[in-house]
Amino acid sequence: MEHPSARPWLAAMELALAEARACLGTGDVPVGAVVLDASGAVVAVGRNEREARQDPTAHAEVLALRAAAATTGDWHLDEHTLVVTLEPCPMCAGAVLAARVPRLVFGAWDPKAGASGSVYDIARDRRLPHRTEVVAGVRERECAELLDTFFAERR
């Protein structure tokens with residue numbers, strides 16, 4: 001069942017899913033991300049481009065946060081929301097905190113490398129100087145199915 005507070009982010013998750021689907025053309029793991037401003041307007045988007053760029057840090061979240069900082073002219077994204085199709089890994093959860101993003105919304109859980117509540121909980125770790133609110137499970141089934149199909153075709 002979808003989180004009751006998920007409704008405001010459904011449209012943003014649709015855009016993140018479209019970004020994730022665009023990864024299929026480059027062989028990248030299909031993950032998409034969207035950064036919203038305080039009013040809910042789209043500031044930036046990103047998708048996994050590790051294969052396309054041959055860059056191990058080219059995760060959807062990192063690229064979306066970089067684009068948002070460039071668009072706003074400020075790396076402090078303390079009035080923004082990051083919407084992503086997959087629970088962020090440790091690197092991306094760290095980037096969310098570094099950018100001071102107050103809210104992280106994601107679709108599918110990552111039981112192998114998730115860092116926002118599954119394997120780790122970097123996003124809400126009280127030992128760190130910054131934390132973010134986490135809203136999980138927004139369009140979870142669609143996000144998970146896209147990833148499951150991608151990996152099934154590679155086995």
Side-chain angles (χ1 to χ4, degrees), residues 1-37 40 42-69 77 80-125 128 130-155:
M1 176 151 195
E2 206 145 81
H3 190 283
S5 65
R7 191 159 310 282
W9 302 295
L10 292 175
M13 187 60 80
E14 179 58 37
L15 182 54
L17 279 161
E19 287 294 315
R21 289 181 196 105
C23 293
L24 299 174
T26 60
D28 280 287
V29 176
V31 177
V34 176
V35 178
L36 304 173
D37 68 14
V42 174
V43 174
V45 298
R47 63 176 167 261
N48 272 357
E49 295 187 29
R50 291 186 309 170
E51 297 298 330
R53 295 181 185 213
Q54 290 301 297
D55 177 354
T57 68
H59 288 209
E61 301 94 324
V62 170
L63 297 178
L65 292 171
R66 286 178 184 163
L77 300 174
H80 293 75
T81 297
L82 176 66
V83 179
V84 62
T85 58
L86 179 65
E87 178 186 9
C89 71
M91 176 183 71
C92 293
V96 167
L97 296 181
R100 313 296 197 262
V101 175
R103 184 176 302 108
L104 166 65
V105 177
F106 68 84
W109 291 93
D110 184 347
K112 293 182 180 176
S116 299
S118 61
V119 179
Y120 307 102
D121 201 355
I122 292 170
R124 297 178 287 200
D125 191 325
L128 297 172
H130 301 284
R131 282 166 291 291
T132 189
E133 173 190 0
V134 175
V135 178
V138 176
R139 298 184 74 170
E140 181 176 2
R141 183 183 49 76
E142 292 167 81
C143 294
E145 285 175 356
L146 182 60
L147 289 158
D148 290 345
T149 300
F150 174 81
F151 286 114
E153 290 173 356
R154 275 148 186 76
R155 289 187 191 116

Participant: Is there a donor-acceptor pair closer than 3.5 Å between any side-chain N or O of N48 and the backbone N or O of P30?
Facilitator: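 Flag not set: sc N48 to bb P30 has no pair under 3.5 Å.
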Participant: Would you say D28's side chain and A52's backbone share a donor-acceptor pair under 3.5 angstrom?
Facilitator: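 A pair under 3.5 Å: yes.
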Participant: I want to check something: taking the side chain as every heavy atom from C-beta on, are V119 and K112 in contact at a cut-off of under 4.5 Å?
Facilitator: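 A side-chain contact under 4.5 Å is absent here.
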Participant: By the definition side chain to side chain contact (heavy atoms under 4.5 Å, CB included), identify the one residue from V83, L86, L82 that meets it with E61.
Facilitator: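 That would be L82; it is the only one of V83, L86, L82 passing the side chain to side chain contact (heavy atoms under 4.5 Å, CB included) with E61.
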Participant: Any side-chain heavy-atom pair from V84 and H59 closer than 4.5 angstrom?
Facilitator: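 V84 does not reach H59 side chain to side chain.
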Participant: Would you find a donor on one side and an acceptor on the other, under 3.5 Å apart, between the side chain of E87 and the backbone of S116?
Facilitator: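 Checked: pair present.
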Participant: Yes or no on side-chain contact (heavy atoms from CB on, under 4.5 Å) for V29 and R50, after CA distance, side-chain angles and deciding distance?
Facilitator: CA-CA 9 Å; V29 176; R50 291 186 309 170; 4.2 Å; yes
Participant: To check you understand the geometry: which heavy-atom pair defines the closest contact between A68 and A44, and what is its length?
Facilitator: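 Smallest interatomic distance, heavy atoms only, reads N-CB, 3.4 Å.
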Participant: Can you give me the closest heavy-atom contact between A20 and L146, atom names plus distance?
Facilitator: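 For A20 versus L146, the nearest heavy atoms are CB-CD2, 3.6 Å.
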Participant: OG1 of T57 to CD of E49: how many Å apart, nearest 0.5 Å?
Facilitator: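 These two atoms lie 11.0 Å from each other.
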Participant: In a check of side chain to side chain contact (heavy atoms under 4.5 Å, CB included) between V101 and each of L65, V35, T81, which one passes?
Facilitator: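 Result: among L65, V35, T81, L65 is the only option passing the side chain to side chain contact (heavy atoms under 4.5 Å, CB included) with V101.
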Participant: May I have the step-by-step check of salt bridge (Lys or Arg N to Asp or Glu O under 4.0 Å) for R21 and E145, ending in yes or no?
Facilitator: CA-CA 11 Å; R21 289 181 196 105; E145 285 175 356; over 6 Å; no
Participant: Indicate the atoms forming the closest heavy-atom contact of A58 with R53, along with that distance.
Facilitator: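 In this case the closest contact between A58 and R53 is CB-CD, 4.0 Å.
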Participant: Counting distance only, does the side-chain N/O of S118 pair as donor-acceptor with the main-chain N or O of P111 below 3.5 Å?
Facilitator: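 Not at all, since once roles are kept as given, no pair shorter than 3.5 Å links the two residues.
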Participant: How far does CD of E14 sit from CD of E142, to the nearest 0.5 angstrom?
Facilitator: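 Here the rounded value is 6.5 Å.
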Participant: If you look at every heavy atom in L17 and C143, which pair is closest and at what distance?
Facilitator: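 Reported closest heavy-atom pair: CD2-SG, 3.9 Å.
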Participant: At what distance, to the nearest 0.5 angstrom, does CG of L147 lie from CG of D110?
Facilitator: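 Nearest 0.5 Å value for the CG-CG distance: 8.5 Å.
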Participant: Does any N or O in the side chain of Q54 come within less than 3.5 Å of the main-chain N or O of E51, such that one atom is a donor and the other an acceptor?
Facilitator: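 Pair found, side chain donor or acceptor close to backbone of E51.
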Participant: Should E19 and L63 be marked as a side-chain contact (heavy atoms from CB on, under 4.5 Å) after you check the CA-CA gap, both sets of side-chain angles, and the distance that decides it?
Facilitator: CA-CA 12 Å; E19 287 294 315; L63 297 178; over 6 Å; no
Participant: Please determine whether side-chain contact (heavy atoms from CB on, under 4.5 Å) holds for the pair D125 and Y120, giving the CA-CA distance in whole Å, both sets of side-chain angles, and the decisive distance to 0.1 Å.
Facilitator: CA-CA 9 Å; D125 191 325; Y120 307 102; over 6 Å; no
Participant: How far apart are the closest heavy atoms of V62 and C92, and which atoms are they?
Facilitator: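 It is CG2-SG, 4.0 Å.
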Participant: Compare every heavy atom of F106 with every heavy atom of P88, then report the nearest pair and how far apart it is.
Facilitator: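 Residues P88 and F106, closest heavy atoms: CD-CD2, 4.2 Å.
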